[in-house]
Amino acid sequence: MQENYPFQGIEKKWQNFWDDNGVFNTDLATAENPYYCLMMFPYPSGKLHVGHGRNYIIGDAVARYKKMQGFDVFTPMGWDSFGLPAENAAIKTGTPPAEYTAANIVTMKEQLRAWGCMYDWDKEVTSCMPDYYKWTQWLFLQFYKQGLAYKKNSNVNWCPSCATVLANEQVVDGVCERCDSEVDQKSMDQWFFKITAYAQRLLDDLDTLDGWPTRVKTMQKNWIGRSEGAEINFPVVPREDGAGDNIDHVACYTTRVDTIHGCTYMALAPEHPELKNLVKGLPQEAAVLEFIKASSKLTNLDREADEVEKEGRFTGRYLVNPYTGEKIELWVGNYVLMYGTGAVMAVPAHDHRDFAFAKKYDLPIKLSIQNPEGSLVLDEMEDAFTEDGTCVDSGPFSGIDNREAIKQMTAHAEEQSFGKGKINFRLRDWLISRQRYWGAPIPMVYCDSCGVVPEKEENLPILLPTDVKFKAEGESPLKSSEAFMNCECPKCGGAATRESDTMDTFVDSSWYFLRYLSAQDSAQAIDAATANKWMPVDQYIGGIEHAILHLLYARFFTKAIKDLGLIDFDEPFKHLFTQGMICKKGPDGNLHKMSKSKGNVVSPEELLEKYGADTVRLYTLFIGPPEKEAEWQDTGVEGASRFLKRIWRRISENHDILCGAGIPACPSTPGAEQAGRPAPLDVSTMADPDRDLYRKTNETIQHITRGLDGAFTFNTAIAAIMELMNAIDHLKISDESSDSAKGVFRDAIENVVLLISPFAPHIAEELWVELGHAPGVMNADWPLVNEEALKRDEIEMVVQVNGKVRDKIKVASSASKEEIEAAALAAEKVQQWLEGKTIRKIIVVPGRLVNIAVS
RNA sequence: GGGCGAGUGGUGAAAUUGGUAUACACGCGAGAUUUAGGUUCUCGUGCCUAACAGCGUGCGGGUUCGAGUCCCGCCUCGCCCA
């Protein structure tokens, strides 16, 4: 056996071995104990850095661990390969997106392999390939038939730099999540998915997702944003000049109908559809129109931000508060957004923004909720009171608790037919049209005589043309291909035109986990039997940045596909693990997420060259709790490398002892894997130091297994293996050692190899063979704890006096409470501390400590 | 402004969920091996102290025999929603 750890030679060898033996190929039909281990599939952007690696290394470790536990693990991989970067590269360099993407896929596949991350490549999916997007288009058509896909004109988010519209979810703090450009509003005809039809189910079913981090569930809950409130119609006071308009009321939605007696004006969004009509011909018209124009230049973010001055204009019109019969002014305000009714009933006394607005424009303020202390005085208020209290000056509702008043006042509105209780969601329908080339074409056709017609299923896929002009000018590039645009109407056969927009790439990634299970099926999108057997995914692993977008869309798709009758489950991911990002200090001295633009990427190639894949894997897992952010430190890699070298050296140094004749059988003696799990070692014949090491080995197995089954505590699992190695060195084995000691030593070493194999698989494979086993450590059984080994005859206990540690005692593990107390009181140092004191109480915590309370 | 999470050595971080605070590693210091550097192997490493003792988990209170962990109030940072 080589003296030094030859990582360069062995890693390629074992990667080939895993491939050649199809170790990660899963027979989906015959598997008896399915475990679907899924990692978020990457966008093939070029090269992966070590920050990206965390996702795949965690996933690979889980897959290998589960495999050793006897599961039929399915770990597929694929490519979320439609999207802007490929298209932007085409604009810049002229390389066609398909070519650019294919090249990147080759590179990244090699990188994953070099990390030792192995997948069932037979089931690879690539979302930009016709055999995949054919079925994305097919799903679109099914959604269309169900009324889940529809086209409408609306104000949409427009990213001028990406030259396309964006979904609400893709606008973060008013800027495009991709390129950070400020997002404008634009009125366009666009395709939507009716995700709002599933809002309640998406919310309710979050409660069933026990295996999801609460953080992610809370984020989704907030995003869906269910609120219970009332929609109230305020009658419009007819114009004084007698001119008629057809508007008899303005509806507004509120979650605080209890404050409505304090409503002193109403504010409309500048985009409110009736606004221009309401002011037509009035002296205020010019000012209002001007205001609408000025507001349109502000982004939604500006309009909602606290720092931006709230502005408005009086419209010259009045409404009637249906509860009080009072006449109130109708305003237009830039802080009102055109969501829902686009109208806000303003209650300055009980809403911060209304309060500021009323002060600014000298509008009346009326108290309608009194605080529980009864101490609110209108003239002394410096800001709105928004908490709960009791209704005052609220007609028949005065004196009622405000929460109760919401119910009664909503009921009142319903009885009087001027309003109704309404549940509102923040969630908007999902805008999926994109004015870009590199995406799945939306399979719809426009015919002069038949209108909007869905393409025939047998004509799918509608292939992306290649004769297009790429330019980011807001016109869909597909329009430049006449061959693509001109088609036959699927209904009447006449000349027609295709939809020129493509689908948001999040559509592709909303169902790829289903396609892995029927990746090569050219006859259907989803194979029901296979999907029902393997889904939901047992473990999904990915970045927290997808907490809302991708994970919400995927849940929506799963529910919609279930409603189509194609599958019988309605949540896609049973357990979700979101790993933290890897950060590193950049040239600017600050900590940033590892990214090319920050100049702080560590590329794996150098590290693999210098230390090997196992070191990079081990360090990545050891760096910290996997769900938290972590700072990459180059010196840390050194430590991981040192540890692997040490394991190697310990085995090579003692190779003769480990594989020598006369060593008692231990759990994994050569040939044992054929015979199943052999009997554990016999504790009763062991000398004390041997028994200590044997105990430590079993404690380590227990600790690691518990950690990996609950959370993914890779960092402490690796620390535990390091501790075990320290204990192994402590035993100081030599040729003169007893056979029993040698057996315990071998058992400990074998377990180190088994326990580290999910994390550092190449070295584990090599050492497994060196220890005399048939190749394929991941086919070995995950070690079991020998309960006998954990027992102790004697235990050490801490003795505290008044909660401070004063001494330690050794007692028989069978000792009674009285015996322990006696031993504690007899301890020498304890006696000193007890001198002249009265013992008030003695607490005995079995197996841990004794605390003597004195006065 | 609301919600959630975090704050522990010089550094990354542990702590069986109320029971010996700082496991494991990095770094640093001392020694051994080596002709040298590197490697490897010992030993040491929270603060203060000659030692005993004392003090130590962002700050201030509380509950408890006992609090990093639970409760109340603050400060700072991160994320989501406003």
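Protein chains get the first letters and strands the later ones, always in sequence-line order, with residue 1 at the start of each.
Across every non-hydrogen atom of A:L644 and A:I763, the tightest pair is O-CD1, 3.7 Å. A:L755 and A:P783 make their closest contact through CD2-CG, 3.8 Å (heavy atoms, listed as atom of the first residue, atom of the second, distance). The two residues A:E699 and A:R792 have their closest heavy-atom pair at OE2-NH2, 3.0 Å.
Atom pair A:K817:NZ and B:C65:C1' shows a separation of 12 Å (rounding to whole Å applied). Rounded to a whole Å, the CD atom of A:E545 is 13 Å from the P atom of B:C79. Atom P of nucleotide B:G56 and atom NZ of A:K804 are separated by 8 Å, given to the nearest angstrom. Rounded to whole Å, atom C1' of B:A13 lies 15 Å from atom CD of A:E629. Atom-to-atom, CG of A:L551 to C1' of B:C80 comes out at 14 Å; the value is rounded to the nearest Å. Counting to the nearest Å, the C1' atom of B:C65 and the CZ atom of A:R806 are 14 Å from each other. Between the CD atom of A:E3 and the P atom of B:U40 there is a distance of 13 Å, rounded to whole Å. Atom CG in A:L552 sits about 12 Å away from atom P in B:C81, given to the nearest Å.
Ring centroids of A:F577 and A:F712 are separated by less than 6.0 Å, placing the two rings close together.
Ring geometry, A:H550 versus A:H546: the interplanar angle exceeds 60°, so the pair is classed perpendicular (tilted spans 30 to 60°). In this pair, A:W430 and A:F556 present their aromatic rings perpendicular. The plane angle is above 60°, beyond the 30 to 60° band.
Under 3.5 Å, the side chains of A:E638 and A:Y611 contain a donor-acceptor pair of N or O atoms. Using a 3.5 Å distance cut-off with no hydrogens or angles, the side chains of A:D614 and A:Y619 do not pair a donor with an acceptor.
Taking a cutoff of 4.0 Å between a charged side-chain nitrogen and a carboxylate oxygen, A:R403 and A:D258 do not qualify as a salt bridge. The pair A:D634-A:K584 meets the salt-bridge criterion, with a side-chain N (NZ, NE, NH1 or NH2) lying under 4.0 Å from an Asp/Glu carboxylate O. One finds no salt bridge joining A:K422 and A:E228 here, because no Lys/Arg side-chain nitrogen approaches an Asp/Glu carboxylate oxygen to under 4.0 Å.
In the set B:G12, B:C65, B:C81, B:C81 carries the atom at the smallest distance from any side-chain atom of A:W223.
The glycosidic torsion of B:U42 lies more than 90° away from 0, which places this base in the anti conformation. Because its glycosidic torsion is within 90° of 0, B:G9 is reported here as syn.
Remark: the separation of the C1' atoms in B:U57 and B:U20 is 15 Å, to the nearest Å. Going from the P atom of B:U34 to that of B:G27 covers 24 Å, rounded to whole Å. With C1' as the reference atom, B:A14 and B:G7 are 16 Å apart, rounded to whole Å. Look at the C1' atom in both B:G73 and B:C80: the space between them is 25 Å, to the nearest Å. When the P atom is compared between B:A23 and B:U45, the two are found 10 Å apart, to the nearest whole Å. The gap from the C1' atom of B:G58 to that of B:A6 amounts to 11 Å, rounded to the nearest Å. B:G56 sits 11 Å from B:U22 when the C1' atoms are compared, rounded to a whole Å. B:G3 and B:G9 are spaced 33 Å apart, taking the C1' atom of each and rounding to whole Å.
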* **Step-by-step side-chain hydrogen bond (donor to acceptor under 3.5 Å, both in side chains) determination, A:Y5 to A:S641** => CA-CA 10 Å; A:Y5 170 36; A:S641 167; over 6 Å; no
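The number of heavy atoms from other shown groups lying within 6.0 Å of CD (A:E794) is above 12. Atom CZ of A:R215 is surrounded by 12 or fewer heavy atoms from other residues, nucleotides or ligands within 6.0 Å.
The 5' end of RNA chain B is approached more closely, in terms of each residue's nearest nucleotide, by A:H703 than by the other of A:N222 and A:H703. Along RNA chain B, the nucleotide nearest A:R706 and the nucleotide nearest A:K645 are compared for position; the residue whose nucleotide lies closer to the 5' end is A:R706.
Only A:W833, A:K841, listed by number, bring a heavy atom of residues 820-842 of chain A to less than 4.0 angstrom from any atom of RNA chain B.
For B:G1, the OP1/OP2 oxygens have no side-chain nitrogen or oxygen of A:R353 closer than 4.0 Å.
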Give me the distances for all protein-to-nucleotides 4-10 of chain B N/O pairs that come in under 3.5 Å?
none

* Structure fact -> Scoring nucleotides 17-33 of chain B by protein non-hydrogen atoms under 4.0 Å (B base, S sugar-phosphate only, - none) yields --BB--BBSSS------
* Under the 3.5 Å Watson-Crick or G-U criterion, the dot-bracket string of RNA chain B, with | for inter-strand pairs -> (((((((..(((......[....)))((((((.......))))))((......))..(((((..]....)))))))))))).
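In this structure A:D729 satisfies the salt bridge (Lys or Arg N to Asp or Glu O under 4.0 Å) test together with A:R646, A:R650, sequence neighbours excluded. Applying the side-chain hydrogen bond (donor to acceptor under 3.5 Å, both in side chains) rule to A:R706 yields no partners; only residues at least two apart in sequence or on another chain are considered.
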